[in-house]
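To start, the structure under review is shown below, and the notes come after it.
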Amino acid sequence: MWTLILGGALFFCFAYVGIGIRSYYAKRRDIYKDSVAYIDYLKENIGFLKTPLGILTRNFCSDRKGELVKILNRYVALIDKGCLNSDSVNKLVSSPYIDKDRQEMFATFFYGLGKVDCDTQIEQLQRMRAALVPLAEHYEKKYRTTGVLAYRLGILLGIAVMIIAV
């Protein structure tokens with residue numbers, strides 16, 4: 001009886017680790033994919049409607065969830081408080097799902113939003129999009145290979161350990 005409980009507990013531990021690793025890669029993929037969608041949304045609305053940045057960002061976040069939405073909500077709070085400086089933006093983009101070398105790119109992007117005229121802003125958005133699309137594709141590939149593999153291995157190792165324990 002106890003061996004069955006121990007085997008089940010070990011199975012759930014290994015499966016949980018696999019699920020956690022897959023979730024990490026999914027969040028990393030989603031932050032880059034959502035960043036591209038945010039840039040597309042900004043390009044469309046800045047160029048056509050000329051809506052203020054805080055309102056645009058709130059509208060973008062209203063029906064979404066994820067790590068980027070958390071960052072964007074904190075970004076809007078900084079805009080509303082008027083305390084948008086380089087230190088606060090660096091803290092804003094410090095996320096375990098963004099590589100250290102990419103955090104500087106995101107910080108520069110967020111710090112530069114709304115500081116130039118409309119045409120220059122759209123050019124900057126296009127350059128940022130061009131930099132993010134290959135990263136989004138790379139992390140999609142990493143999720144499909146490493147993330148899914150870790151999940152499957154967690155389940156298989158859990159089953160194997162459960163069989164050995166029982």
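- No continuous path of hydrophobic side-chain contacts links Leu53 to Val76 [ILVMFWY only; heavy atoms under 4.5 Å].
- Scored by the ring-ring contact (aromatic ring centres under 6.0 Å, His included) test, Tyr41 finds Phe60 as partners (sequence neighbours excluded).
- A donor-acceptor distance shorter than 3.5 angstrom exists from the side chain of Thr145 to the backbone of Lys141, with no hydrogens or angles considered.
- With sequence neighbours excluded, no residue forms a salt bridge (charged side-chain N to carboxylate O under 4.0 Å, His left out) with Arg152.
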Show the numbers, then the answer: is there a side chain to side chain contact (heavy atoms under 4.5 Å, CB included) between Asn90 and Phe106? CA-CA 9 Å; Asn90 286 333; Phe106 274 97; over 6 Å; no
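- Hydrophobic clustering (side-chain heavy atoms under 4.5 Å, transitive across Ile, Leu, Val, Met, Phe, Trp, Tyr) keeps Ile163 apart from Leu156.
- Applying the ring-ring contact (aromatic ring centres under 6.0 Å, His included) definition to pairs two or more places apart or across chains, none involves residues 144-166.
- Ile122 places a side-chain heavy atom less than 4.5 Å from the side chain of Cys118.
- Gln103 places a side-chain N or O within donor-acceptor distance of the main-chain N or O of Ser95, the cut-off being under 3.5 Å.
- For the atom pair CD1 (Ile71) and OG1 (Thr57), the distance works out to 12.5 Å, reported to the nearest 0.5 Å.
- Among residues two or more places apart in sequence or in another chain, the salt bridge (charged side-chain N to carboxylate O under 4.0 Å, His left out) test is passed with Arg129 by Asp40.
- Under the 4.5 Å side-chain criterion, counting only non-hydrogen atoms from C-beta, Gln121 is not in contact with Leu42.
- By the 6.0 Å contact criterion, NZ on Lys115 is enclosed, its count of non-hydrogen atoms from other residues, nucleotides or ligands being greater than 12.
- Remark: side-chain polar atoms of Ser35 are paired, donor with acceptor, to backbone N or O of Ile31 under 3.5 angstrom.
- Legend: residues meeting side chain to side chain donor-acceptor pair (under 3.5 Å) with Asn59, ordered by chain and number and at least two apart, are absent.
- Both Phe12 and Met162 are members of a single hydrophobic cluster when ILVMFWY side chains are connected at heavy-atom separations under 4.5 Å.
- Counting Ile, Leu, Val, Met, Phe, Trp and Tyr side chains that sit under 4.5 Å apart, directly or through other members, Tyr25 shares a hydrophobic cluster with Val17, Ile21, Tyr24, Tyr97, Tyr143, Val148.
- A search for ring-ring contact (aromatic ring centres under 6.0 Å, His included) contacts involving Tyr111 returns nothing, not counting sequence neighbours.
- Linking ILVMFWY residues whenever their side-chain heavy atoms come closer than 4.5 Å, directly or via other members, leaves Val69 and Met128 in distinct clusters.
- To the nearest 0.5 Å, atoms CG (Leu78) and NZ (Lys91) are separated by 10.0 Å.
- In this structure, Lys27 does not pair ionically with Asp34, as no charged nitrogen and carboxylate oxygen lie closer than 4.0 Å.
- Around CD of Gln126, the count of heavy atoms belonging to other residues, nucleotides or ligands within 6.0 Å exceeds 12.
- In this structure, Phe110 CZ and Arg74 CZ are separated by 9.5 Å, a value rounded to the nearest 0.5 Å.
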Go through the steps to decide whether Val89 and Thr108 satisfy the test side chain to side chain contact (heavy atoms under 4.5 Å, CB included), and finish with yes or no. CA-CA 8 Å; Val89 173; Thr108 304; over 6 Å; no
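- Under the ring-ring contact (aromatic ring centres under 6.0 Å, His included) criterion, Phe109 pairs with no residue at all, not counting sequence neighbours.
- The CD atom of Glu123 sits 7.0 Å away from the CG atom of Asp119 when rounded to the nearest 0.5 Å.
- Within the model, atoms OG1 of Thr146 and CG of Leu153 stand 10.5 Å from one another, a figure rounded to the nearest 0.5 Å.
- In the hydrophobic clustering, Leu10 connects to Leu6, Phe14, Leu157, Val161, either directly or through intervening members, whenever side-chain heavy atoms lie under 4.5 Å apart.
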Does the side chain to side chain contact (heavy atoms under 4.5 Å, CB included) test come out yes or no for Ile79 and Leu113, once each step is laid out? CA-CA 11 Å; Ile79 290 173; Leu113 279 178; over 6 Å; no
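- Between Glu140 and Arg144 there is a salt bridge, since at least one side-chain N of the basic residue sits less than 4.0 Å from a carboxylate O of the acidic one.
- For the salt bridge (charged side-chain N to carboxylate O under 4.0 Å, His left out) test, residues two or more places apart in sequence or in another chain that qualify with Arg28 are Asp99.
- Considering only residues two or more places apart in sequence or on other chains, Arg127 meets the salt bridge (charged side-chain N to carboxylate O under 4.0 Å, His left out) condition with none of them.
- Leu135 and Leu72 fall within a single hydrophobic cluster, where Ile, Leu, Val, Met, Phe, Trp and Tyr side chains are chained together by heavy-atom contacts under 4.5 Å.
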Go through the steps for Leu68 and Asp30 under the test side chain to side chain contact (heavy atoms under 4.5 Å, CB included), then give the verdict. CA-CA 8 Å; Leu68 182 69; Asp30 291 344; over 6 Å; no
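- Of all non-hydrogen atoms in Gly147 and Arg22, the two that sit nearest each other are O-CB, 3.4 Å.
- Annotation for Ile155 and Phe11: closest pair O-CE1, 3.8 Å, computed over non-hydrogen atoms.
- The side chain to side chain donor-acceptor pair (under 3.5 Å) test applied to Tyr32 returns no partner, not counting sequence neighbours.
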